[in-house]
Amino acid sequence: MELSRRNFLKGTGALAGISAMGAIGLGCSPAANQGTEAKGGKAEAPKTPAETTPTALKEATDGKFTAKAMGHENYVYVEATMAGGAIANLRVLAHDETVGVGSLATEMWPAKVVETQNLDVDAISGATTTCTAIKNAAIEAISNSGADVSQFQKGAQAPEKGEDQTIDTDVVIMGAGTAGLTAATRLLEKGFKVTLFEKQDIPGGSMSMTYSGLACAGSQLQKNYSLGRFDSSPFFDKDAMLGVLKGLVVPENDRFDGAMPYDDALYTTSPALVDWLHEIGVGFYSMGVNKAYGVTPYLAPGCYEGGCGYAMQYLVDRIGALGGTIIYGAKVTDITMTEGRATGLVAEGKGGETYTATAKAVLLASGGFGANQEMVDEYYPQYKGRSFNCCPASTGDGIVLGQKVGAGIECMGRELGAYMSTTAQAGSRMEIAFMYQTTPGIMVNASGDQFGNVMSANHFVIGRALCDDANGGKFFWITDESGAVTTMNNLTYAFDTYKAVFERGDMVHYASVEEAAEALGLTNLQQTLDTHNAHALAGEEDEFKRKKLPYIDTHDGVWVCGIEPTFYLTTGGLAIDTSAHVLTDDGSTIAGLYAAGDVCGSIEEKDGKQYGMGFDAAMNFGYIMAETVASEIA
């Protein structure tokens, strides 16, 4: 095969790569190729819209003009309609951006441009990468119309100051992410008046970005699904599950003699949480039909960077329908205390307007601090200067404000895990955290050597490798032709998110192992592959105790994806009890103040284990927090 360094999806989309592997003649009639005769009498494949290069007009012309630009996930296709020297309409025609993040920006940002006739309007905070892609494509499309793009680049405009507002509510919540939305929805259903402050322009926090479902122990939904087939699974029964988890406790971090009170609270709550979500209409994708996920239902309608985004939007809609209020672009600046009790929040809008909310209960659900380099350097000095790929709103505001009113912090400074992103060839870090599962292969360092078992505790293995200078700071995933196919559309894990690594050029084909090694400086790659394949053919473990090794067939060369291991969250935070009360350093509760989600750090860390299920913790403790508040302010 002589297609060295080829892009798997280049040419006519996915079919180009398939044809290159020999799957020729996929039902196309002869007529489909009429009119495609090229030089030398050979027929060229018809072009797809993605390949068409628009002709730029010399004079301003009314009409529709299209262009594309790389977004966070893949190309974003934009159409600009020009009429009478103005942008009559701007819309996104197609995209693969994250549901609940970029997908919201594709509607919100073009509308702002049309309203202001200004391509320099502020990005939708929380979805800057998508907005930048839309802007770049819009600039090209408008240029192709013959119009002078500069007349639509008026510079950033300062937001107008709104009116200061005083809000009287039962419950005020800092943060409209996983925990905040869950608590708000539950409290509204119980008849309480709820107001949320969200500093981004969109809701969701980390919820839409997560890869997770709800690890539940015995919900009715789970029982209905299992039909008695999986009743003996440790993940079906709380006590059995806790028995498994107990073996993961790190003795030196164990404060409760193995009792794991926080996990106990989580898995006691999880059946009620799942059945409540199902009852109110949140869909579930029962990944239990799939060996990859056992019997636990996963939030639907999808899993990686999709399902949780749909669920997030559903909760937001339900909050509105129940009379709740979410104030966006409002950064909380203070917690109001009255005679030792939390009685409200103060927030500032983008225009400088002030919101003063008085409430019976104050809930902190503002996320961790991975996006605050100063806090990372202070509390995790071993990771000083290392960037985090996380929700941009995770700047630790709630932790700082909590400490200001006497809250304690805990579990800081412990080992953090990293996940995999691409090497950002297209200008953004596309998360490929689970390529080790979707794409059979091996991960090597800058010398072409393996460094650990990425199939077990992969986040921590990768994090340690990143911090070890011996690995050279560069990493690569090595796979073969079949691995490339499963990367495009992985049936086992039910998502096709990673197909974009071919479009953006992060996954590169080399005609031989030697060529890849020379191009990337992977001196030991051939020896590493030979050793790996010998173990695979023998059906034995490798030196890192990895089992069921995939054989990597190199007769057609190898596929290589550059990897950027990236830390993604902090696991320390505010001290809380198992009912979500915020605690002082001496263990006393702060009246009226509650917290859940990443602002509290990892629930597993509180029990002496390593971080594992942040989404579960945020949802379950959001639910717990609502139940506690409802019982105490009724």
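Heavy atoms only: backbone and side chains are in, while hydrogens, waters and symmetry mates are out.
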Q: Indicate the atoms forming the closest heavy-atom contact of Leu187 with Val194, along with that distance.
A: CB-CG2, 3.9 Å

Q: Measure from the side-chain N and O atoms of Ser125 to the backbone N and O of Asp201, and report whether any donor-acceptor pair falls under 3.5 Å.
A: yes

Q) Where the side chain of Arg504 meets the backbone of His72, is there a donor-acceptor pair that is under 3.5 Å apart? A) yes

**Q.** Of Tyr380, Tyr383, Phe460, Tyr611, the residue whose pairing with Phe567 passes ring pair (Phe, Tyr, Trp, His ring centres under 6.0 Å)
**A.** Tyr383

Q: Measure from the side-chain N and O atoms of Asp334 to the backbone N and O of Thr336, and report whether any donor-acceptor pair falls under 3.5 Å.
A: no

Q. Is a side-chain N or O of Thr356 found less than 3.5 angstrom from the main chain of Thr354, in a donor-acceptor match?
A. no

Q | Pair Lys190-Glu627, side chain to side chain contact (heavy atoms under 4.5 Å, CB included): steps then yes or no | A | CA-CA 10 Å; Lys190 292 175 179 291; Glu627 298 300 299; 3.1 Å; yes

Q. Atom CG of Asp607 and atom OG1 of Thr578: how far apart are they, to the nearest 0.5 Å?
A. 10.0 Å

**Q.** Greater than 12 external heavy atoms within 6.0 Å of Lys154's NZ
**A.** yes

Q.
Looking at Met174, is its backbone amide N or carbonyl O close enough to the side chain of Ser366 to form a donor-acceptor pair, meaning the two atoms are under 3.5 Å apart?
A. no

Q: Please lay out, stage by stage, how Ile335 and Leu345 fare under the test side chain to side chain contact (heavy atoms under 4.5 Å, CB included).
A: CA-CA 5 Å; Ile335 300 172; Leu345 293 175; 3.8 Å; yes

Q. Does Asn389 reach the side chain of Tyr419, with side-chain heavy atoms less than 4.5 Å apart?
A. yes

(Q) I need the minimum non-hydrogen distance between Ala105 and Pro110, along with the two atoms involved. (A) O-CD, 3.4 Å

Q. Hey, is Lys112 close enough to Asp122 for a salt bridge, meaning N to O under 4.0 Å?
A. no

Q | Side chains of Ser270 and Asn620, donor plus acceptor under 3.5 Å | A | no

Q. Counting only heavy atoms not in Gln151, do more than 12 fall under 6.0 Å of its CD?
A. yes

Q) Between Glu73 and His95, is a side-chain hydrogen bond (donor to acceptor under 3.5 Å, both in side chains) present by the stated rule, with each step listed? A) CA-CA 8 Å; Glu73 296 295 313; His95 69 88; over 6 Å; no

Q: Identify the residue among Lys606, Glu604, Glu605 that makes a side-chain hydrogen bond (donor to acceptor under 3.5 Å, both in side chains) with Ser602.
A: Glu604

Q.
Quick check: closest heavy atoms across Asp377 and Gly385, and the distance to 0.1 Å?
A. OD1-N, 3.0 Å

Q. Is it true that a side-chain atom of Asp577 and a backbone atom of Ala580 form a donor plus acceptor pair closer than 3.5 Å?
A. yes

(Q) Aromatic contact between His581 and Tyr594, with the criterion being ring centroids under 6.0 Å apart: yes or no? (A) yes

Q) Roughly how far, to the nearest 0.5 Å, is OG1 of Thr129 from CE of Met70? A) 12.0 Å

Q: Kindly compute the distance separating CD1 (Ile124) from CD1 (Ile134), expressed to the nearest 0.5 Å.
A: 8.5 Å

(Q) For Glu97 and Thr130, which I'm curious about, is there any donor-acceptor pair between the side chains at under 3.5 Å? (A) yes

(Q) Is there a side-chain contact between Gln313 and Val99 in this structure, where contact means two heavy atoms from C-beta onward sitting under 4.5 Å apart? (A) yes

Q.
Please give me the minimum heavy-atom distance between Ala184 and Ile319, naming the atom from each residue.
A. CB-CD1, 3.8 Å

(Q) Parallel, tilted or perpendicular, judged at 30° and 60°: which one describes the rings of Phe197 and Tyr355? (A) tilted

Q) In Å, rounded to the nearest 0.5 Å, how long is the span from NE2 of His459 to CE of Met420? A) 8.5 Å

Q) Is atom CD of Gln382 surrounded by more than 12 heavy atoms (other residues, nucleotides or ligands) closer than 6.0 Å? A) yes

Q) At their closest point, which heavy atom of Met375 faces which heavy atom of Thr395, and how far apart are they? A) SD-O, 3.8 Å

Q.
Nearest 0.5 angstrom please: His278 NE2 to Leu214 CG, how far?
A. 13.0 Å

Q) So with a 6.0 Å cut-off around NZ of Lys609, is the heavy-atom count from everything else above 12? A) yes

Q. Looking only at atom types and distance, does a side-chain atom of Thr628 sit under 3.5 Å from a main-chain N or O of Ser579, one as donor and one as acceptor?
A. yes

Q | For Thr343, all residues meeting side chain to side chain donor-acceptor pair (under 3.5 Å), sequence neighbours excluded | A | Thr338

Q. Looking only at heavy atoms, what is the nearest atom pair of Ser206 and Ser394, with distance?
A. OG-OG, 4.3 Å

Q: Keeping the roles fixed (side chain from Asp96, backbone from Tyr75), state whether a donor-acceptor pair exists under 3.5 Å.
A: no

Q. Do side-chain atoms of Gln157 reach the backbone of Gly155 as a donor and acceptor pair under 3.5 angstrom?
A. yes

Q: Look only at the side chain of Gln117 and the backbone of Val114, and say whether a donor-acceptor pair between them is shorter than 3.5 Å.
A: yes

Q. What residues form a side chain to side chain donor-acceptor pair (under 3.5 Å) with Lys193, not counting sequence neighbours?
A. none

Q: Could you tell me the separation between the CG atom of Leu574 and the OG1 atom of Thr584, rounded to the nearest 0.5 Å?
A: 12.0 Å

